[in-house]
Amino acid sequence: MKSVLGLVLLLTAPSYGLQSVCDATQDAVCYGALGGPVHLQLMRDTTGHELTFKNETNTIFRIRTNGKLAPKPPSQRWEVIAGNGTLIINPAESTDSGTYRVEISDSDWTIKQHKVQLMVEEPVSDMDLSISCSANGERRVRCSSNGDSPQYSWSLDGRALIERLTDPRSAVLTLPEVIQGHLTCSAFNNVSSINNTQLLPSCTSISLVLVRDGNEPPSTSVAG
């Protein structure tokens, strides 16, 4: 069987209660926001078909050819729309993540099957963007956020910046004094995104008291 990855709608609000919708009518990797509803479209029309939804060991639910559910999902958080083969998980929990198998049989009992990998992630939130000045006038900027596996990107006055990220949990840049403008850090994962914009300060106008004792030169923080 040829494997085709389904695409999930990625939503861009940095809060809980996000709704994720995934086309899972064929082999698919689906992402859902922790605490929000997840809609898995397992089949377009179940008329004349029997649909069985399984994890690696057990049958979780089955839609019979008459539209009845037997067995029903064990959790009240799981709702099945029998007519169009949609599974709604609300609220989604991290324990819902896993690999599932969908088996569909028709009136001739010809069975087709595909796999659905569901990954529930905590949305990014609580972004922090800090800027500090070094003794040589450079600005050190750091971006961090909560959430599962956040990634970061930077832009200056709406144009993308490409810099090396030194930490998987926080993005750090060192910018020379000649770079000026509004700096935006964007944090994102598979279910959400958030951004923060600040005007880069001029560090040449800040008085620095240098105390050299063999260590690195001191830096002065700039509140933004």
Side-chain angles (χ1 to χ4, degrees), residues 1-125 145-151 187-194:
M1 178 190 301
K2 185 178 180 180
S3 176
V4 181
L5 293 183
L7 297 179
V8 63
L9 298 181
L10 304 184
L11 306 178
T12 57
S15 61
Y16 291 87
L18 297 174
Q19 175 174 302
S20 303
V21 181
C22 184
D23 181 355
T25 57
Q26 53 192 343
D27 285 0
V29 178
C30 300
Y31 295 91
L34 181 69
V38 178
H39 294 241
L40 302 180
Q41 183 77 54
L42 305 176
M43 192 176 181
R44 303 295 183 192
D45 184 1
T46 61
T47 304
H49 296 81
E50 181 172 283
L51 185 151
T52 304
F53 192 75
K54 301 180 175 181
N55 57 22
E56 295 182 354
T57 57
N58 300 310
T59 295
I60 300 176
F61 67 84
R62 179 177 289 114
I63 303 175
R64 303 287 188 178
T65 54
N66 60 5
K68 302 295 185 179
L69 289 174
K72 296 181 179 181
S75 173
Q76 294 183 351
R77 297 182 297 104
W78 288 38
E79 178 186 2
V80 179
I81 310 299
N84 60 12
T86 299
L87 169 62
I88 303 173
I89 304 175
N90 187 28
E93 299 179 353
S94 57
T95 54
D96 297 320
S97 297
T99 301
Y100 301 92
R101 187 167 75 252
V102 180
E103 295 181 353
I104 300 173
S105 59
D106 55 22
S107 57
D108 296 328
W109 294 104
T110 300
I111 298 178
K112 299 179 180 179
Q113 60 181 339
H114 61 272
K115 290 184 178 181
V116 178
Q117 183 177 359
L118 175 61
M119 302 178 67
V120 177
E121 294 186 350
E122 179 184 353
V124 292
S125 61
S145 67
N146 294 329
D148 285 333
S149 304
Q151 301 181 58
F188 58 93
N189 60 13
N190 292 299
V191 297
S192 66
S193 66
I194 190 174

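Keep in mind that the numbers below use all heavy atoms, side chains included, and drop hydrogens, waters and symmetry copies. Everything quoted here is computed from the prediction, not taken from an experiment. All residue numbers refer to positions in the sequence shown, counting from 1.
- Side-chain contact between Val38 and Cys30 is absent, with no heavy atoms from C-beta onward closer than 4.5 Å.
- Atoms OG1 and CD, from Thr65 and Glu50 in turn, are 6.5 Å apart once rounded to the nearest 0.5 Å.
- The side-chain heavy atoms of Lys54 and Thr52, taken from C-beta on, include a pair separated by under 4.5 Å.
- Exactly one residue among Asp23, Thr86, Thr25, Asn84 makes a side chain to side chain donor-acceptor pair (under 3.5 Å) with Gln41. That residue is Thr86.
- The two residues Ala82 and Gly67 make their nearest non-hydrogen contact at CB-O, 3.4 Å.
- Counting only distance, with no hydrogens or angles, the side chain of Arg77 and the backbone of Ile89 share no donor-acceptor pair below 3.5 Å.
- By the 30° and 60° cut-offs, the orientation of the rings of Phe61 relative to Trp78 is perpendicular.
- Counting all heavy atoms, side chain and backbone alike, Val116 lies closest to Ala24 at CG2-CB, 3.8 Å.
- Looking at Leu118 and Val120, their side chains come closer than 4.5 Å, going by heavy atoms from C-beta outward.
- Between the side chain of Asn189 and the main chain of Ser149, no donor-acceptor pair closer than 3.5 Å is present.
- At least one donor-acceptor pair under 3.5 Å links the side chain of Thr46 to the backbone N or O of Gly83.
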* Starting from the C-alpha separation in whole Å, work towards a yes-or-no answer on side chain to side chain contact (heavy atoms under 4.5 Å, CB included) for Ile63 and Leu69. => CA-CA 5 Å; Ile63 303 175; Leu69 289 174; 3.5 Å; yes
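- The shortest side-chain heavy-atom distance between Asn55 and Thr57 falls under the 4.5 Å cut-off.
- Checking side-chain atoms of Asn66 against main-chain N and O of Lys68 turns up a donor-acceptor pair under 3.5 Å.
- Val80 approaches Pro73 most closely through the heavy-atom pair CG2-CG, 3.6 Å.
- Here the side chain of Asn58 pairs no donor or acceptor atom with the backbone of Ile60 at under 3.5 angstrom.
- Counting heavy atoms from C-beta on, the side chains of Met119 and Asn190 never come closer than 4.5 Å.
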* **side-chain hydrogen bond (donor to acceptor under 3.5 Å, both in side chains) evaluation trace for Asp45 with Thr47** => CA-CA 6 Å; Asp45 184 1; Thr47 304; 2.7 Å; yes
